[in-house]
Amino acid sequence: MIHITLPDGSVRDFNAGTTAYEMAKGISEGLARNVLGAKFDGEYIPLDRPITKDGALLLLTWNDEDGKHIFWHTSAHILAAAVEQLYPGVKFGIGPTIENGFYYDIDFLDYPISSDDFPKIEAKMGEIISQRVKMVRSEVSKQEALDYFSKKGDEYKVELIRDLEDGTISFYKTGDFVDLCRGPHLYDTAPIKAFKLLNTAGAYWRGDEKRKQLVRIYAISFPKKKELDDYLLMLEEAKKRDHRKLGKELELFTFSQKVGSGLPIWLPKGAALRERLENFLKKVQKTYGYQQVITPHIGNVELYKLSGHYQKYGADSFRPITTPQEGEEFLLKPMNCPHHCEIYASKPRSYRDLPLRLAEFGTVYRYEQSGELHGLTRVRGFTQDDAHIFCTPDQLKEEFCKVIDIILYIFKVLKFKDYIVQVSLRDPDNKEKYIGSDENWEKAERAIIEAAEEKGLATVVEKGEAAFYGPKLDFMVKDAIGRKWQLGTVQVDYNLPERFELEYISPEQEKLRPVMIHRAPFGSMERFVAVLLEHTAGKFPLWLTPEQVIILPISEKFQEYALKVQKILDMNDIRAIVDERNEKAGRKIRDAEMNKIPFMLIVGEKEESGELVSVREHTVGDKGVFTIADFVSLIKERMKEELE
RNA sequence: GCCGGUGUAGCUCAGUUGGCCAGAGCAGCUGAUUUGUAAUCAGCUGGUCGGCGGUUCGAAUCCGUCCACCGGCUCCA
């Protein structure tokens with residue numbers, strides 16, 4: 001008898017040599033049907049391996065992340081097996097699971113592959129699955145593994161094996177297809193009831209753009225057909241929220257080939273929206289003691305040589321602008337910080353001046369590879385809600401905490417609840433990628449970690465994600481399709497003050513060096529609007545939305561009254577438009593609903609005679625009849641609540 | 001930049017194998033209707049079929065090239 005501890009703490013006795021699958025069956029038939037894998041004392045074990053000693057057993061199902069990954073991992077092998085049967089001689093890179101599904105990187109040699117080939121591959125996968133193929137594990141030595149794949153002519157696998165530690169290496173066999181794999185896998189292919197190949201993409205071998213590009217096939221699989229259908233439906237819904245689509249529909253921004261790709265053009269409604277966001281932040285920043293500054297769109301190359309940006313990014317920037325007579329060189333401003341350093345340096349500073357907080361909605365231009373451009377989230381010209389805080393080392397942590405407060409306030413007002421806070425540190429193995437002394441880096445990294453702790457933020461630490469001049473605290477939010485976007489960022493920087501030889505006079509009359517905090521709560525106006533659009537599906541909060549109210553006269557007879565109501569709303573700073581078209585009320589309501597205008601005021605005979613409005617709320621419906629004054633209070637109350 | 005895909009009216013899309021002046025719905029304009037909580041009716045305007053070159057008696061359709069966009073990769077101060 002062995003004693004097996006289950007996750008709920010209970011202990012069950014089994015005969016020594018019972019397999020995990022049999023144990024599942026012993027617990028319940030349902031569990032046995034759904035079990036995908038098992039962990040024994042924290043280690044993955046095959047379901048059919050006899051267990052001979054006491055220990056803790058965790059049976060994995062679709063409800064466990066680990067269970068999903070086992071499921072997808074096996075699915076990836078089936079994909080590869082199908083591809084190998086259809087395209088003999090192809091070579092395989094890696095086939096890992098990802099957050100949603102899995103992919104396999106494959107060298108298709110000269111076979112042309114596109115999504116047109118998916119049905120064929122899917123059919124073959126279906127065939128393999130229906131044969132209920134077992135996933136057979138075998139263990140081989142490193143040399144045997146090398147021999148197998150050398151003979152097969154798969155140089156990618158050979159390379160992977162070479163990089164492995166010596167010792168035992170495991171293979172998994174799916175029918176005739178043998179793959180190098182640590183596992184774990186499903187017992188057999190039976191649980192995979194639904195799967196779909198999603199798209200293809202080029203992917204460099206080992207992520208290195210100097211190496212060969214393989215074809216990556218993305219796919220997903222599920223234990224139930226319904227789950228696949230739901231997933232595909234979710235992707236469809238996500239598409240409807242795409243900021244590029246909504247931006248066009250709501251007339252917020254556009255792009256023009258003639259203006260240039262990656263250069264967004266803000267339309268009147270979008271510009272007004274952006275302005276409101278800017279004013280909102282300016283107001284918050286004012287209470288935190290920030291001062292607005294303005295700097296030019298270009299700067300002398302020497303400025304960026306001094307800051308270090310030129311050495312780091314000069315080769316990948318827009319080419320310098322040269323003056324015709326003098327041959328001076330200017331760069332399109334890629335960063336605001338060097339300019340702000342010069343504002344700091346424009347006069348002698350005392351410790352009494354610190355912290356000095358300089359803010360600017362600064363438009364910067366960065367060269368991005370053409371294939372990188374993406375709507376408003378990846379552009380070549382954008383406006384940062386930038387600010388730089390110059391303070392004493394003693395003030396650093398408090399200032400950092402206050403910046404976190406601003407960011408959290410913004411997230412709260414705009415209802416971003418699903419966000420991740422990332423501590424981005426430098427890569428300790430690649431220190432030459434960064435500028436500045438080890439001592440300063442350590443100080444800066446410590447300050448960030450402490451401030452995040454003090455604010456009680458749940459953080460993830462990423463090494464190698466720091467800016468080249470300092471570590472960062474990055475705030476990412478998830479968009480409609482679960483992609484993560486970086487929004488707010490806070491960075492500590494000891495380097496620029498040194499490079500610009502910034503100083504302040506201490507109470508003891510010494511010349512000391514200030515510390516700098518770079519921060520942008522939105523990140524950039526462009527990206528923020530994009531993420532906000534996807535987050536709200538275009539239904540902006542009332543205080544932010546371009547048109548808050550639309551007045552719908554029942555017929556032309558009541559247009560005059562409609563205009564009168566508009567005027568009253570206007571005097572109360574409520575943004576209202578009148579639908580003066582010669583259309584029926586039903587039509588006007590439908591169009592207003594589609595345009596996502598929060599409130600509709602229907603006015604006709606009875607409203608005009610009583611100085612009233614009939615209120616309809618977007619997606620909610622008829623709210624009844626209000627006096628104009630009551631409606632104004634309703635709107636004001638709503639906006640107040642939103643900004644609390 | 002790289003791999004793959006796409007590009008027809010302001011928007012969404014038809015237009016098998018090359019062949020009459022390139023189509024529809026919505027939007028827009030004009031007129032009729034004077035309307036009460038998600039589409040009133042009729043008429044009209046609108047496209048060098050992404051650009052340029054080529055093949056052909058003839059190209060939206062075939063070939064080349066460039067551009068833009070889409071899905072990724074790499075990159076992202």
Side-chain angles (χ1 to χ4, degrees), chain A residues 103 105 108 112-117 198-218 239 242 244-245 248-249 251 254-258 260-262 304 307-314 316-317 333-338 364 366-375 377-380 384 386 434-435 465-470 472 481 486 489 491 493 496 518 520 527 552-559 581-595 600-607 614-625:
Chain A
Y103 65 79
D105 283 349
F108 273 95
I113 288 294
S114 75
S115 52
D116 295 343
D117 300 288
L198 297 171
N199 48 41
T200 63
Y204 299 107
W205 171 234
R206 304 208 125 178
D208 184 344
E209 61 183 320
K210 289 182 193 70
R211 307 197 63 177
K212 181 155 186 186
Q213 197 158 41
L214 308 180
V215 176
R216 175 170 298 177
I217 297 179
Y218 284 92
K239 263 190 204 160
D242 191 310
R244 292 164 298 188
K245 183 175 150 67
K248 189 182 275 180
E249 284 172 5
E251 296 180 7
T254 188
F255 290 89
S256 148
Q257 275 193 47
K258 291 196 183 75
S261 67
Y304 306 107
S307 71
H309 291 104
Y310 187 79
Q311 292 84 325
K312 185 79 185 167
Y313 293 104
D316 287 321
S317 291
K333 177 168 73 175
M335 287 285 280
N336 302 301
C337 33
V364 296
R366 297 176 184 176
Y367 168 74
E368 301 285 357
Q369 299 186 119
S370 59
E372 279 315 320
L373 303 172
H374 180 97
T377 57
R378 197 76 189 270
V379 288
R380 284 175 169 169
Q384 296 178 311
D386 212 358
Y434 308 91
I435 58 173
E465 291 294 314
F468 75 98
Y469 51 76
K472 308 188 283 182
I481 351 180
Q486 187 192 310
T489 179
Q491 312 173 0
D493 184 0
L496 277 187
H518 306 241
R527 173 171 291 193
L552 314 178
I554 285 298
S555 80
E556 280 175 355
K557 286 186 231 151
F558 308 105
Q559 247 181 49
R581 292 175 308 165
N582 181 6
E583 293 288 351
K584 290 172 137 177
R587 176 56 184 271
K588 292 184 180 181
I589 286 164
R590 180 187 146 83
D591 288 347
E593 286 283 346
M594 301 231 293
N595 286 323
M600 286 151 260
L601 300 182
I602 294 106
V603 295
E605 178 86 51
K606 68 177 182 212
E607 287 80 9
S614 281
V615 179
R616 180 188 164 101
E617 188 173 355
H618 177 62
T619 64
V620 176
D622 196 347
K623 307 265 303 173
V625 180

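Here is the naming used below: chain letters follow the sequence lines, and residue numbers restart at 1 for every chain. Values in this document were obtained by computation on a predicted structure and should not be read as measured data.
Looking only at side-chain heavy atoms (C-beta outward), A:D622 and A:I602 stay at 4.5 Å or farther from each other. Using a 4.5 Å heavy-atom cutoff, the side chains of A:E593 and A:H618 are in contact. In this structure, A:K333 and A:P338 have side chains that are not in contact, with every pair of non-hydrogen atoms separated by 4.5 Å or more. In this structure, the side chains of A:H309 and A:C337 come closer than 4.5 Å at one or more pairs of heavy atoms.
Within 4.0 Å of A:K606, counting heavy atoms only, lies at least one base atom of the nucleic acid. Nucleic acid contact for A:K312: none, since no nucleic acid atom lies under 4.0 Å from a heavy atom of the residue. Within 4.0 Å of A:E249, counting heavy atoms only, lies no atom of the nucleic acid at all. The residue A:R216 sits close only to the backbone: its heavy atoms come under 4.0 Å of sugar-phosphate atoms, none of a base.
The A:S261 side chain lies nearest to B:rA68 when the options are B:rA77, B:rA68, B:rG1. The listed nucleotides are B:rG72, B:rA77, B:rG36; the one nearest the side chain of A:Y469 is B:rA77. Considering only side-chain atoms of A:Q369, the nucleotide from B:rC73, B:rU74, B:rA38 that sits closest is B:rU74. With B:rA77, B:rC3, B:rG71 as the choices, the nucleotide that has an atom nearest any side-chain atom of A:Q213 turns out to be B:rC3. The side chain of A:E607 sits closest to B:rG36 out of B:rA38, B:rG72, B:rG36. If you check B:rA38, B:rG36, B:rC75 against the side chain of A:E368, the one that comes closest is B:rC75. Checking B:rU74, B:rG71, B:rA38 against every side-chain atom of A:E372, the shortest atom distance belongs to B:rU74.
In this structure a side-chain-to-backbone donor-acceptor pair under 3.5 Å is present from A:K588 to A:P553.
One atom, NE2 of A:H309, and another, C1' of B:rC76, lie 13 Å apart when rounded to the nearest Å. In this structure, A:R581 places its CZ atom 10 Å from C1' of B:rA27, rounding to the nearest Å. In this entry the distance linking OH of A:Y204 with P of B:rC75 reads 10 Å, nearest Å. Rounded to an integer number of Å, the gap from A:D591 CG to B:rU37 C1' is 13 Å. One atom, CD of A:E583, and another, P of B:rC26, lie 12 Å apart when rounded to the nearest Å. Atom pair A:L198:CG and B:rC73:P shows a separation of 14 Å (rounding to whole Å applied). If you take CD1 of A:I602 and C1' of B:rU37, they are 5 Å apart, rounded to a whole angstrom. Summarising the geometry, the separation between CZ on A:F255 and P on B:rC69 is reported as 8 Å, rounded to the nearest angstrom.
B:rA77 has A:Y313 stacked on its base ring, the centres lying under 5.5 angstrom apart and the planes within 30 degrees of parallel.
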